[in-house]
Engineer: 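Please see the structure below; I have some questions.
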Amino acid sequence: MAQAGVKDRVKDRRRRRREPMFGERFSVFAECLLTGVWIAVACLGVVTYPAAFAAGARHLRRRTTHQVSGLREFVVDFRAAVRGGWAVGLVGWAAAAAVWVDVLAARAGLPGGPFVGAVGILALIGLAVALLRAAALWTPESTWRALLADAGRRTVLDPAGSFLVVCGLAVVALSALFLAPLAVPVLGAVAAAAVAVEERHRRR
């Protein structure tokens, strides 16, 4: 009887440890989805998407380290990030337009068109990954030029981490394909993936 009582107490302690851990993980997941909505709204400025992801990533970094963070802090970070981030967003749209021209050339059957189109798409994916990795480390004291330069190197030198970010982007694309509104909260998961990739790279 005494041995059975000890086993029951041990099981009870293990269950109590698992329950807070489950609750914390679910809370982080819910926070990612909410952050995705904030990011989507902040992206409505067309060229503000780098700042939106930077603010979202910083919000998630604070939450995972148990710091106070909410919509007010997100807005403050967004305003700080958009000062230089709008130019990055403009360049990103220009790159996307250039790749679209390459794709049109490939579909028109021009010589070398398919190769140029494929290279353009791969380059655009690489730029998107570098942008997300830069946004994951953004702080009000940092500059976008320095962040993107370092992120570009990590994108090439850390292919495993970059692949994980690409998977996150693929989830957004598939969500939009099946049901467009699903892509909105999933944006937060992409920001969280970029933060996790950078944390993984830092600990290596």
Engineer: Which residue pairs pass the salt bridge (Lys or Arg N to Asp or Glu O under 4.0 Å) test when at least one of the two sits in residues 42-53, sequence neighbours left out?
Structural biologist: none
Engineer: What do the steps show when you test Tyr49 against Val88 for side-chain contact (heavy atoms from CB on, under 4.5 Å), and what is the final call?
Structural biologist: CA-CA 9 Å; Tyr49 59 92; Val88 177; over 6 Å; no
Engineer: Would you check if Leu124 and Ile121 make a side-chain contact, meaning some heavy-atom pair closer than 4.5 Å?
Structural biologist: no
Engineer: Are Cys32 and Leu60 side-chain neighbours, meaning at least one heavy-atom pair lies under 4.5 Å?
Structural biologist: yes
Engineer: Within this structure, what is the CG-CZ distance for the pair Asp77 and Arg61, rounded to the nearest 0.5 Å?
Structural biologist: 8.5 Å
Engineer: Would you kindly say whether Gln67 and Thr65 are connected by a side-chain donor-acceptor distance under 3.5 Å?
Structural biologist: yes
Engineer: Please determine whether residues Ile125 and Val190 belong to a single hydrophobic cluster, defined as Ile, Leu, Val, Met, Phe, Trp and Tyr linked transitively by side-chain heavy-atom distances below 4.5 Å.
Structural biologist: yes
Engineer: With a 4.5 Å cut-off on side-chain heavy atoms, are Pro181 and Leu179 touching?
Structural biologist: yes
Engineer: Look at the side-chain heavy atoms of Ile, Leu, Val, Met, Phe, Trp and Tyr, link any pair under 4.5 Å apart, and say whether Val172 and Val197 land in one connected group.
Structural biologist: yes
Engineer: With salt bridge (Lys or Arg N to Asp or Glu O under 4.0 Å) as the test, pick out the partner of Glu198 among Arg203, Arg154, Arg58.
Structural biologist: Arg154
Engineer: Taking the side chain from Ser175 and the backbone from Ala183, do they hold a donor-acceptor pair closer than 3.5 Å?
Structural biologist: no
Engineer: Could you give me the CA-CA distance, side-chain angles and deciding distance for Val129 and Phe163, then say whether side-chain contact (heavy atoms from CB on, under 4.5 Å) is met?
Structural biologist: CA-CA 9 Å; Val129 171; Phe163 177 73; over 6 Å; no
Engineer: Identify the heavy atoms of Leu127 and Ala95 that sit nearest to each other, and give their distance.
Structural biologist: CD1-CB, 4.0 Å
Engineer: According to salt bridge (charged side-chain N to carboxylate O under 4.0 Å, His left out), who are the partners of Arg79, at least two apart in sequence or on a separate chain?
Structural biologist: none
Engineer: Trp138 side chain to Ala57 main-chain N or O, any donor-acceptor pair under 3.5 Å?
Structural biologist: no
Engineer: For the CG atom of Leu169 and the CG atom of Leu187, what is their distance to the nearest 0.5 Å?
Structural biologist: 9.5 Å
Engineer: What about Leu137 and Leu132, same hydrophobic cluster or not, with Ile/Leu/Val/Met/Phe/Trp/Tyr joined at side-chain heavy-atom distances under 4.5 Å?
Structural biologist: no
Engineer: When clusters are formed by joining ILVMFWY residues with side-chain heavy atoms under 4.5 Å apart, either directly or through shared neighbours, do Val184 and Trp38 land in the same one?
Structural biologist: no
Engineer: Rounded to the nearest 0.5 Å, what's the gap from CG on Leu148 to OG1 on Thr143? Could you check?
Structural biologist: 9.0 Å
Engineer: Kindly compute the distance separating OG1 (Thr48) from CZ (Phe53), expressed to the nearest 0.5 Å.
Structural biologist: 10.5 Å
Engineer: Check for a donor-acceptor pair, side chain of Thr35 on one end and backbone N or O of Glu31 on the other, with a separation under 3.5 Å.
Structural biologist: yes
Engineer: Please find the pair of heavy atoms, one from Gly120 and one from Val99, that lie closest to each other, and give the distance.
Structural biologist: O-CG2, 3.3 Å
Engineer: Hey, any chance Trp86 and Ile39 share a hydrophobic cluster, counting ILVMFWY side chains that come within less than 4.5 Å of each other, even indirectly?
Structural biologist: no
Engineer: Could you list the residues that satisfy salt bridge (charged side-chain N to carboxylate O under 4.0 Å, His left out) with Glu73, not counting sequence neighbours?
Structural biologist: none
Engineer: Run the side-chain contact (heavy atoms from CB on, under 4.5 Å) check on Arg133 and Asp158 step by step: do they pass?
Structural biologist: CA-CA 11 Å; Arg133 298 191 70 155; Asp158 181 24; 3.0 Å; yes
Engineer: Flag the pair Trp93 / Val46 as yes when at least one side-chain heavy-atom distance between them is below 4.5 Å, and no otherwise.
Structural biologist: yes
Engineer: In the structure I gave you, are the side-chain heavy atoms of Leu131 and Pro50 within less than 4.5 Å of one another anywhere?
Structural biologist: yes
Engineer: Taking atom CZ of Arg145 as the centre, does the number of heavy atoms from other residues, nucleotides or ligands within less than 6.0 Å exceed 12?
Structural biologist: no
Engineer: If the plane angle is over 60° it's perpendicular, under 30° parallel, otherwise tilted; pick one for Phe74 and His59.
Structural biologist: perpendicular
